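Note that this is a predicted model, so its numbers are computed, not measured. FYI, the numbering just counts along the sequence from 1.
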Amino acid sequence: MSAPVLGITSYLPSNGSAKIVCIKNGALWTYNGSTATKYAGSLSTTGTCRMIQVNDLIYGVDGAGTIFKFDGSSLTTPTINNAAGTALTGVADIMYMFNRLWFAVGDYVYFSDTLTPETINEAPLRIRAGAGDTIARILSYRYGYILVFKTSTSGNGSIHVIDATSNDPDYLSVSPLYENIALISPNAICRAGYDSDSDILFPTREGFRSLKFTALDKITTPSLPFSDNITTEIGTLNYTRMDAAWAVVFEDELLWFVPTTGSTTPNRVFAWTFREPARKEEIRQGWTVMDNMPARCGVVAAITGKPLLWLGAQNGYLQKAFQVIGDTTTYREKSKRIDMGEPTKDKRPLKLIYVFDKGSSGTVTPKLQYEDGEIYPLSTYTFDTGGATLPVTLPVTLGQTGISTQTWDLRYDGAGTQLRRYQDLRIILESTGDPRVLGFELLSQVEKHRFTRLAVDQGYSYTASDIGGDTLTADVLTQE
């Protein structure tokens, strides 16, 4: 079995083209969209690696807490000493702000001298010493602040903020933000966007939370968990291996890759949309549960065109999520389980409505997956692609010019036979084109003893290419 990809980031040196950098089997690899290059090393082959670009260099820490550096041509493990002359070891996280490297080690945050990332002459900041938790993540926030996340084996943790706005070591200050909070999965702490002003999302044992702000833009208590509509799925999480879980925000969706039901590595994805309607309590703002995407890490990067979500898979592959690769890979999405709030009652499906955004192209085929695993395919829909304005460079892929709604009648099949009832149902959508799904609506009749009622379930869908289609050039990254 090929070794998993344990870390991934984007790399844009000033004298070269954009690349993906990833860590696999102790070595560092780069991929420019067509060619993968290996740089030998002896990094840890377990645990997640974290990386950050500093000018034309990549600095990172592997799963064993060893600092490494990549300069575009070689991989090294520099020794960085603290102000007392002792080498930093057991580094949990690394970040770059104000032309300094910042390192998380135990209860301490170390920081380098300005413009010399491998030199430390100042004493570190000590964060909540003696509480039994250690620093797992540090994250720059709103340019000038650093959020410090501490966790422990018992699940009890805390969040603190470092005020570094002065960039003067004599005036750095630390304030507790939240104490005694059940933080899990430090690799899943992420931003709800791509700049330091974006909201910060973090997982707790009760579900994902986000930071709340007052009218004066001050941080207050954490928001209520917004994963309560998948409480059953949350209950399947393998909490002993949540260190392997991670999250990323891509195209207005939070994607949480988690291990469930005994798996030691992520085997399911919980997806949350930030699209309208904005109120999180709306049913359209619920989660979608996805299977069959065992990725260990990911990054949003533009390598050969538009920004894509690149995934480092458990099987050692690099994957492009949401992309159709060649002619044989199928775009596939699957909704959360739908029971209309009556899990023990029979429901008769009546109508399925999908809403597609402009630019959708190709064909789509929805399917009904019943609770016993039976899958019933519906008719295939072809998008109206409109036309192109000349002159145009061929070949060109045309997409539909406006938002469209397509409805499938679920009462009878093509032979006039009623479709079977269900107790819970999942909606699958497959395509070899480029559908841009905004949402769907399922209308069903809930059958009770002496009366019936209509029920509607709505949701946004998570989309992914099947794993295994993108093997890179000559499989050089997937074969070892």
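- Judged by distance alone, with hydrogens and angles left aside, the side-chain atoms of Tyr422 form no donor-acceptor pair with the main-chain N or O of Asp424 at under 3.5 Å.
- Between Lys320 and Trp310, the closest side-chain pair of non-hydrogen atoms falls below 4.5 Å.
- No side-chain N or O of Asn238 forms a donor-acceptor pair with one of Thr264 less than 3.5 Å apart.
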Leu237 and Phe270: CA distance, side-chain angles, deciding distance, side-chain contact (heavy atoms from CB on, under 4.5 Å) verdict: CA-CA 11 Å; Leu237 293 178; Phe270 297 162; 3.9 Å; yes
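- Using modelled atom types, no side-chain atom of Asp346 and backbone atom of Arg348 make a donor-acceptor pair closer than 3.5 Å.
- Listed here is the closest heavy atom pair of Ala136 and Pro186: CB-CB, 3.6 Å.
- Taking a 6.0 Å sphere around CZ of Arg420, one finds it holds more than 12 heavy atoms contributed by other residues, nucleotides or ligands.
- A distance-only check finds no donor-acceptor pair linking the side chain of Lys345 to the backbone of Val446 [under 3.5 Å].
- Panel note: side chain Trp102, backbone Met97; a donor-acceptor pair is recorded below 3.5 Å.
- Note that CG of Leu311 is 9.5 Å distant from CZ of Phe250, once rounded to the nearest 0.5 Å.
- Counting only distance, with no hydrogens or angles, the side chain of Gln406 and the backbone of Tyr354 share no donor-acceptor pair below 3.5 Å.
- Looking only at side-chain heavy atoms (C-beta outward), Leu442 and Met340 come within less than 4.5 Å of each other.
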Take Leu425 and Tyr376 through the side-chain contact (heavy atoms from CB on, under 4.5 Å) test and state the conclusion after the steps. CA-CA 11 Å; Leu425 195 70; Tyr376 178 80; over 6 Å; no
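- For the side-chain hydrogen bond (donor to acceptor under 3.5 Å, both in side chains) with Asn187, the qualifying choice from Arg50, Arg296, Arg137 is Arg50, the only one to do so.
- Trp246 places no side-chain N or O within donor-acceptor distance of the main-chain N or O of Phe257, the cut-off being under 3.5 Å.
- Ser140 and Arg191 form a side-chain donor-acceptor contact under 3.5 Å, judged by distance and modelled atom types alone.
- Side chains of Lys367 and Leu378 form no contact here, defined as non-hydrogen atoms less than 4.5 Å apart.
- Atom OG1 of Thr45 is separated from atom CG of Leu6 by 7.5 Å, given to the nearest 0.5 angstrom.
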Passes side-chain contact (heavy atoms from CB on, under 4.5 Å), Val161 versus Tyr141? Steps please. CA-CA 9 Å; Val161 60; Tyr141 184 65; 5.9 Å; no
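- Ring planes of Phe356 and Tyr381: parallel class, angle under 30° (limits at 30 and 60°).
- Atom-to-atom distance recorded for Ile338:CD1 and Gln423:CD is 14.5 Å, nearest 0.5 angstrom.
- Tested against Met51, the residues Thr9, Val61, Val299 include a single side-chain contact (heavy atoms from CB on, under 4.5 Å) partner, Thr9.
- At a threshold of 4.5 Å between non-hydrogen side-chain atoms, the residues Leu429 and Phe440 do not count as touching.
- Atom CZ of residue Phe149 and atom OG of residue Ser158 lie 10.5 Å apart, to the nearest 0.5 angstrom.
- Pairing each heavy atom of Ser17 with each of Leu12, the nearest pair is C-CD1, 4.1 Å.
- The structure places CG of Leu43 at 7.5 Å from CG of Leu28, a figure rounded to the nearest 0.5 Å.
- The shortest heavy-atom contact between Ala192 and Leu201 is CB-CD1, 4.2 Å.
- Contact of the Asp62 side chain with the Ile23 side chain is not registered, since no non-hydrogen atoms from C-beta on lie closer than 4.5 Å.
- Inter-residue side-chain proximity for Thr151 and Asp133 is flagged as unmet; no heavy-atom pair is nearer than 4.5 Å.
- The side-chain heavy atoms of Val21 and Gln53, taken from C-beta on, include no pair separated by under 4.5 Å.
- Counting only N and O atoms by type, the side chains of Thr382 and Thr363 include no donor and acceptor under 3.5 Å apart.
- Between Ile159 and Leu183, the shortest heavy-atom distance links the atoms CG1-CD1, 4.0 Å.
- Considering all non-hydrogen atoms of both residues, Ser431 and Val364 come closest at CB-CG1, 3.8 Å.
- By the 4.0 Å N-to-carboxylate-O rule, Lys347 lies too far from Glu342 to be salt-bridged with it.
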Could you go through Val148 and Arg128, starting from their C-alpha distance and side-chain angles, then the distance that decides it, and tell me whether this counts as side-chain contact (heavy atoms from CB on, under 4.5 Å)? CA-CA 10 Å; Val148 181; Arg128 198 194 186 204; over 6 Å; no
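- With values rounded to the nearest 0.5 angstrom, Ile138 atom CD1 is found 10.5 Å from Leu147 atom CG.
- Here the closest non-hydrogen pair linking Gly63 and Ser44 is N-CB, 4.0 Å.
- Counting only heavy atoms from C-beta outward, the side chains of Val248 and Cys190 never approach each other to under 4.5 Å.
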